[in-house]
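Keep in mind that the numbers below use all heavy atoms, side chains included, and drop hydrogens, waters and symmetry copies. None of the values given here were measured: they were computed from a predicted structure.
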Amino acid sequence: MRLRVEFTTEPFDLDEAPRHALVAREVIEAAELDAVDVGPFGNTAEGGADSVLGAVDALLRQALEAGATRVSLQVNVIGEGGE
């Protein structure tokens, strides 16, 4: 099964990316995912179910440890097959 995850971390800082946002992006960019798109107000990534779910676990743990007070995410099934 293939999944797409969309996420944001808070609190926001419009002047510079907070540490928790940078950590979250690093986690997603380092994961074995494809179609990664990071931006100032939202991030998306796609991949096999095992890869996406593993990345979400790491993202939640590390972003919260880095100071996030809220992580909003949505996971959608986008196809069958894969992991």
Side-chain angles (χ1 to χ4, degrees):
M1 166 184 330
R2 287 190 52 78
L3 302 176
R4 174 184 299 124
V5 61
E6 302 174 48
F7 69 92
T8 58
T9 62
E10 296 180 38
F12 295 114
D13 183 338
L14 296 178
D15 294 326
E16 72 178 76
R19 183 170 177 270
H20 60 81
L22 297 175
V23 166
R25 290 177 191 163
E26 289 170 6
V27 168
I28 291 299
E29 290 174 340
E32 293 182 18
L33 302 171
D34 46 71
V36 173
D37 182 28
V38 297
F41 299 108
N43 309 281
T44 61
E46 297 177 7
D50 289 342
S51 295
V52 170
L53 295 173
V56 166
D57 177 61
L59 163 73
L60 291 170
R61 292 175 188 278
Q62 293 182 36
L64 293 169
E65 288 175 9
T69 58
R70 180 179 190 161
V71 179
S72 301
L73 64 91
Q74 179 172 306
V75 178
N76 294 299
V77 175
I78 58 171
E80 295 303 319
E83 296 175 30

Taking atom [atom1] of [X] and atom [atom2] of [Y], what is their separation to the nearest 0.5 Å?
| X | Y | atom1 | atom2 | result |
| --- | --- | --- | --- | --- |
| N76 | L3 | CG | CG | 8.5 Å |
| R4 | D37 | CZ | CG | 10.5 Å |
| I28 | T44 | CD1 | OG1 | 9.5 Å |
| Q62 | L22 | CD | CG | 13.0 Å |

Taking all non-hydrogen atoms of both residues into account, name the closest pair between [X] and [Y] and its distance.
| X | Y | result |
| --- | --- | --- |
| V23 | A63 | CG1-N, 4.3 Å |
| L59 | V27 | N-CG1, 3.7 Å |
| E46 | V52 | C-CG2, 4.2 Å |
| A68 | L64 | O-CD2, 3.5 Å |
| A45 | L33 | CB-CD1, 3.7 Å |

Would you tabulate the side-chain donor-acceptor contacts of residues 5-17 under 3.5 Å, counting partners in other chains and residues two or more places apart, or write 'none'?
{"residue": "T9", "atom": "OG1", "partner": "H20", "partner atom": "ND1", "Å": "2.9"}
{"residue": "D13", "atom": "OD1", "partner": "D15", "partner atom": "N", "Å": "2.8"}
{"residue": "D13", "atom": "OD1", "partner": "E16", "partner atom": "N", "Å": "3.4"}

Next item on the list: Check step by step if side-chain contact (heavy atoms from CB on, under 4.5 Å) holds for L60 and L73.
Entry: CA-CA 10 Å; L60 291 170; L73 64 91; 3.8 Å; yes
Next item on the list: Walk me through it: do R2 and E80 pass the test salt bridge (charged side-chain N to carboxylate O under 4.0 Å, His left out)?
Entry: CA-CA 6 Å; R2 287 190 52 78; E80 295 303 319; over 6 Å; no
